[in-house]
Amino acid sequence: MGGTQLKWWVLLLLSSFLATHLVTCTKNNPITKKTYIVYMDKLAKPEEFNDHFQWYSSLINSVASKTEKETDVGQENRIIYHYQTAFHGVAAQLNEEEVEKLQEQNGVMAVFPETIYHLHTTRSPMFLGLEREDTTSIIPDKLSDHDVVVGVLDTGVWPESPSFNDTGMTQIPAHWKGTCEIGRGFAKHHCNKKVIGARVFYRGYEAASGKINEQEEYKSPRDQDGHGTHTAATVAGAPVRGANLLGYAYGTARGMAPGARIAAYKVCWTGGCFSSDILSAVDQAVADGVNVLSISLGGGVSSYYRDSLSIAAFGAMEMGVFISCSAGNGGPDPISLTNVSPWVTTVGASTMDRDFPATVKLGTGKILTGASLYKGQRNLDINKQYPLVYHGSNSTSPTPSSMCLEGTLDRRSVAGKIVICDRGISPRVQKGQVVKDAGGIGMILSNTAANGDELVADCHLLPAVAVGETIGKTIKHYASSSRNASATLAFLGTKLRIKPSPVVAAFSSRGPNILSLEILKPDMVAPGVNILAAWTGDLGPSSLPTDHRRTKFNILSGTSMSCPHVSGIAALIKSRHPNWSPAAIKSALMTTAYIHDNTHNPLSDASTTTLSGPYDHGAGHINPLKALDPGLVYDIGGQDYFEFLCTQGLTSSELVVFSKFGKRTCRHTLASPGDLNYPAISAVFPESTNITTLTLHRTVTNVGPPVSSYHVAISMFKGAFVKVEPARLDFTSKRQKISFKVTFTTKSRQTTPEYGSIIWKDGMHKVRSPVVITWLPPL
Ligand SMILES: *[C@@H]1O[C@H](CO)[C@@H](O)[C@H](O)[C@H]1NC(C)=O
Ligand SMILES: *[C@@H]1O[C@H](CO)[C@@H](O)[C@H](O)[C@H]1NC(C)=O
Ligand SMILES: *[C@@H]1O[C@H](CO)[C@@H](O)[C@H](O)[C@H]1NC(C)=O
Ligand SMILES: *[C@@H]1O[C@H](CO)[C@@H](O)[C@H](O)[C@H]1NC(C)=O
């Protein structure tokens, strides 16, 4: 970290400033109506109303501005959604004046404006997928978790995909209350014993963006984007032999939990994913009976209580639903995480051991390696050399033409040549389209400092090779310094057993958790680079409108792809341990994660030459088989999370959305936020140098053999002594809980966080908690 330490703290302070001030700076025209989410206290309903909806309608009606009341616009039209399971309230169209009035009303807990969420795919990049050699093929078929249902909030499903074939599946579980909504391109028969539910949520979207054009967009669960099909198949797709993308990544594609059921909740449309729709989907999914929710989307992080998804997820967690969310693709910048609430599982992305190598042979004879998913008739002759051109210089930052943005390439200087394009601003495959349109015959796509040497293989429309920053510099130097630069490109197909892997992806969002340093985030990493999974029949693999190819599978990258891996593994754990809480499942995933790669070295980070740390990979890379049998778990219930929120300086009116309608109050059982029984430990020494000792508490539950004995192993830290008491835990029964405390004593305050671990071992299990110690800089 060395030279970046200053930057780290500046960013930390800046972001916390933004987080607290941004919300207040966005005042809108008081007359314009927008969608607001209104959280209601269900228990406050006055007796005169027969039901909650009647009461909510009457409240909205009572604050509606005069002119509105005088017209015959029914107030029901103001209400877009009625939420009644994961939390209670409505989404309604209101202007600012009305919102102010509404906030005064009895029973109204909070009113927040609609926000827009985004899919966490690195769009149009088609990375290469991999089977999960290390997981599913080893998991016995008996573990097929036929009664576990995973709700996928996304862009819908392409039901004809072979990944959703339900051959051999048993009857739909009796607890399932969901349904298959029909619409254009989607009929009842499109649901089966694999895809057991499909619903659409668009009222918030339409209220903000106008009616969906049904000619251009399926207003039904049918997925025309591909993202939702890809994520759903990653969670629970049936095994498909011979799956591939244009010959790349050939093999058997299967979801993490091939026996689980999928329920698709379509919440994203061409213009984005709106919070009122997402909330309605979470609420409905819980009522339908999902066990796991897979949410590969995110918005900004403002606070636990202002983030609609955070509040809805809290309600779902209380109903026993495990929620896996993508961490975001804002890496490698620190503090770029989304979905940081402790009750959701925040998943970062890493590489697999599969690659799609391609080479650039320069006129000097030098051969350099990159990656590509190009397949087509326009192949270059590997025995010839073609002129090479770059419209930038190695000494300046990328320019519009060096990035091959639309309209920046001159046909005269490009035609018949291989063009070097820098990454940035426009989608990678679109740069290829720009080069092709200008008459270029090939492209070398060069990473810049932002991506380092992490390779992105794409399904380009012309021969193209992606190269890392270092190799890119070499090629650019050659192209700019040689009068007669030339090159040719060759595509080598799929290569397995790449070393090292996994490596944390450069794009994977990084911690720390801006809202509470004491809660280490992300929670873990899972495969999210070059993932092969099912694809829509409506769009080519590059997602470009000019791409007329149709493929059953596609290769994508992003934390959008890593999140469903964890959702699927969570479904497997749930099927093995039906009574485990969402926190117990997360604990199992975290304490069994590994932090070494396949060369037996510590995990590395694609964006730097330094090692990856807990702010990059959380507890580490998921280890599915181990997670089925973790030995001990750190369990957390609704009241515990609430107690954590009580330490976060929230006012009682801010806390109320988590309080089970005021029934829950702060008991102040946690001395500090770091005392939440989280499977990761983050000790934060305050600014005051007087405080040199910190004690944190944890409780583990025995889920292994009834009689077992664990001893602790603690890593060494430069800045502190760490003591665990007791250092030995003797269990005599199943589900027995034993508490211990961890005392940190400062030796010397460090200017950067220190990383290590606490591991409980019984000879069979290793229950590992990552540990971070931070000394806040003295004021
Ligand atoms: C589903 O899979 C079965 C068994 O592999 C196969 O016989 C059947 O044709 C498939 N159905 C569809 C619709 O692809
Ligand atoms: C940039 O190119 C010049 C020659 O054109 C070369 O001397 C220099 O080393 C290059 N710089 C980098 C950072 O590659
Ligand atoms: C320029 O490069 C081409 C292709 O490598 C080669 O055939 C030609 O002789 C070169 N011309 C000069 C002046 O170096
Ligand atoms: C720290 O200790 C010094 C000296 O004992 C004392 O003057 C100061 O008030 C203390 N600061 C805090 C924040 O406790």
Side-chain angles (χ1 to χ4, degrees), residues 129-133 135-150 152 154-173 176 178-200 218 220-266 294 531-541 549-556 564 567-568 571-572 575:
L130 188 28
E131 18 295 21
R132 300 85 207 201
E133 295 175 324
T135 61
T136 4
S137 55
I138 316 168
I139 288 172
D141 279 352
K142 272 179 279 152
L143 248 181
S144 304
D145 31 329
H146 290 284
D147 283 347
V148 177
V149 183
V150 183
V152 181
D154 215 299
T155 61
V157 283
W158 189 261
E160 289 81 8
S161 166
S163 294
F164 303 132
N165 187 334
D166 69 351
T167 303
M169 294 200 73
T170 54
Q171 286 310 311
I172 292 170
W176 181 243
T179 190
C180 193
E181 293 180 357
I182 60 174
R184 184 164 80 88
F186 208 90
K188 279 280 181 234
H189 74 265
H190 285 121
C191 286
N192 58 16
K193 288 181 277 182
K194 166 59 71 183
V195 178
I196 64 171
R199 293 185 186 267
V200 290
Y218 293 108
S220 79
R222 182 168 288 275
D223 174 19
Q224 88 197 78
D225 178 279
H227 189 275
T229 299
H230 200 277
T231 54
T234 301
V235 172
V240 182
R241 281 169 198 276
N244 68 90
L245 169 62
L246 306 172
Y248 286 100
Y250 191 93
T252 300
R254 64 178 108 208
M256 293 293 102
R261 322 287 180 148
I262 295 162
Y265 296 87
K266 181 167 172 178
S294 191
I531 305 300
L532 179 80
W535 189 240
T536 175
D538 227 41
L539 203 60
R549 300 171 293 186
R550 291 294 176 266
T551 57
K552 287 199 160 53
F553 291 85
N554 199 2
I555 288 164
L556 300 179
S567 315
L572 284 180
S575 72

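Both ligands and their constituent atoms are indexed starting at 1 by order of listing. The structure presented is a predicted model; accordingly, all values stated were derived computationally and were not measured. Each residue takes its place number in the sequence, starting with 1.
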Identify all N/O pairs between ligand 1 and the protein with a separation under 3.5 Å and present them as a table of atom names and distances.
residue	atom	partner	partner atom	Å
ligand 1	2 (O)	N165	OD1	3.4
ligand 1	2 (O)	N165	ND2	2.2
ligand 1	2 (O)	T167	OG1	3.2
ligand 1	11 (N)	N165	ND2	3.0

* Basic-acidic side-chain contact under 4.0 Å: R222, E160 -> yes
* If you measure from OG on S163 to CZ on R254, what distance do you get to the nearest 0.5 Å? -> 11.5 Å
* Donor + acceptor pair across side chains of T536, D223 (<3.5 Å) -> no
* **Pairing residues for D538 by the side-chain hydrogen bond (donor to acceptor under 3.5 Å, both in side chains) criterion, not counting sequence neighbours** => none
* To do: Without swapping roles, check the side chain of K188 against the backbone of C180 for a donor-acceptor pair under 3.5 Å.
  => yes
* Is there a donor-acceptor pair under 3.5 Å between the side chain of D166 and the backbone N or O of M169? -> no
